[in-house]
Protein chains: 2
Amino acid sequence: MEDISCSDTQDTVKEIFANYMKQKGHRKTPERFAILAEIYEHNEHFDVETLFVFMKNKNYQVSRATIYNTVDLLLGCGLVVKHQFGKNIAQYEKAFECSQHDHLICQSCGRVAEFCDPRVQQIQTTVGELMEFKINYHSLYFYGICKKCQDS
Amino acid sequence: MEDISCSDTQDTVKEIFANYMKQKGHRKTPERFAILAEIYEHNEHFDVETLFVFMKNKNYQVSRATIYNTVDLLLGCGLVVKHQFGKNIAQYEKAFECSQHDHLICQSCGRVAEFCDPRVQQIQTTVGELMEFKINYHSLYFYGICKKCQDS
DNA sequence: TTACCTGCAAAGGGTTTGCAGAGTC
DNA sequence: GACTCTGCAAACCCTTTGCAGGTAA
């Protein structure tokens, strides 16, 4: 996967976010931009608690409530995607310039793997036409047992 | 959809469940069979609370803890499938003799349509082999705008 | 100045856990 | 008879909410 933590990307998403907030009448607070920047510095899935600790360790202290608030805004403008991998912990993922992929979840250890299969897109097209839906996006999860858990 | 609440199906899933428990060394309690039967009497998705209330209203009182326990077993032997529709409430669905289907959700009116495409199963097989996962089930959702909402 | 936003802490709600008694094998 | 399962309630934990002070516009 290409490095998408470069300053160019950081600037672009910041601009997208700023425009979105202006359009929606939300205030552009330093906390919100700091959270966006933190999210785009990492490539892994994350949950709110992880993000909270990361920022705390950088001495940039924001409350959990503000993180939840900001992540909602980021979902609204498509800069972040939300996943529910079977557990009750919401997982998030940055969504700008990320290649299309889907997820495999290990029901034993919780490990999440990614894969990409072009047939998913083909099915989306076929089904959209057949059912007369204008499809915007999909979510596909495979649940099973990963290699490590099969062996142990 | 065909009626799958017939006694034949009830008997068959009961047998599958019994065999599974024997194999795994779990005890065959009346509560567990009652929960299985209740699940297979309905065709809709359900959550634990709904199931709990249904059984309570039938004067078959089981605790929530037992329902959670039993549903886990049913997931283990593939008689039930679990969904996480974005909320924090787990949704379940019976899985035996249900024709494989996935869902289209209209983001405008909330309508849910079902479709079936054999390529989903093919992808599951391919990805399972490639990623060395023993895949038990999948969930696939397409989000978009249905015909009626496009027209209005 | 006017809301909206933040931080804190408590409340909410689905799920899990601990324990005593009941029931399966 | 041994040991798991059940039921109950409390504990857990992620998320949301309420409120007082702070800050963008």
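Per chain, numbering begins at 1; letters A, B, ... match sequence-line order.
- Spacing between atom CG of D47(B) and atom P of dG13(C) amounts to 14 Å, rounded to whole angstrom units.
- A donor and an acceptor atom, one from each side chain of H83(B) and Q84(A), are nowhere located under 3.5 Å apart.
- A straight line from CG of N69(B) to P of dT16(C) spans 11 Å, rounded to a whole angstrom.
- The distance from atom NZ of K24(A) to atom C1' of dA3(C) is 19 Å, rounded to the nearest whole Å.
- You can see that DNA chain D meets the heavy atoms of chain A within a 4.0 Å-exclusive cut from dC14(D) to dA25(D), reading 5' to 3'.
- For dC25(C), its base never sits under 3.5 Å from the side chain of R27(B) at any donor and acceptor pair.
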key: Full working for salt bridge (Lys or Arg N to Asp or Glu O under 4.0 Å) between K82(A) and E93(A)   = CA-CA 7 Å; K82(A) 181 178 184 174; E93(A) 185 177 21; over 6 Å; no
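- K22(A) has its NZ atom 19 Å from the P atom of dC4(C), to the nearest Å.
- Of the residues T66(B), L73(B), N69(B), V80(B), the one that meets the side chain to side chain contact (heavy atoms under 4.5 Å, CB included) test with I35(B) is T66(B).
- One finds no salt bridge joining K148(A) and E132(B) here, because no Lys/Arg side-chain nitrogen approaches an Asp/Glu carboxylate oxygen to under 4.0 Å.
- Between the side chain of T50(B) and the backbone N or O of F46(B), no donor-acceptor pair lies under 3.5 Å.
- Note on ring orientation: taking the six-membered ring where Trp is involved, the planes of Y141(B) and H103(B) are parallel (angle under 30°, cut-offs 30° and 60°).
- Remark: T29(A) is in phosphate contact with dT6(C), judged by side-chain N or O atoms under 4.0 Å from OP1 or OP2.
- Residue R64(A) is the one, among H26(A) and R64(A), whose nearest nucleotide of DNA chain D lies closer to the 5' end (criterion: closest heavy atom).
- Distance, F52(A) CZ to dT6(C) P: 14 Å, rounded to whole Å.
- Residues A65(B) and G25(B) both approach DNA chain D. Their nearest nucleotides, taken by heavy-atom distance, put G25(B) toward the 5′ side.
- Here the P atom of nucleotide dC4(C) and the NZ atom of K28(A) are 16 Å apart, to the nearest Å.
- Contact annotation: Y68(B) reaches the phosphate of dT15(C) (side-chain N/O to OP1 or OP2, under 4.0 Å).
- As a whole-Å value, the separation of Q84(A) CD from dT15(C) P is 11 Å.
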Would you sort out whether H45(B) and Q91(B) count as a side chain to side chain donor-acceptor pair (under 3.5 Å), showing the intermediate values? CA-CA 6 Å; H45(B) 297 124; Q91(B) 300 274 122; 5.1 Å; no
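- Of the candidates dG7(C), dC25(C), dC5(C), dC5(C) carries the atom nearest the R32(A) side chain, counting heavy atoms from C-beta on.
- Across all strands, E49(A) comes closer than 4.0 Å to no nucleic acid atom at all (heavy-atom distances).
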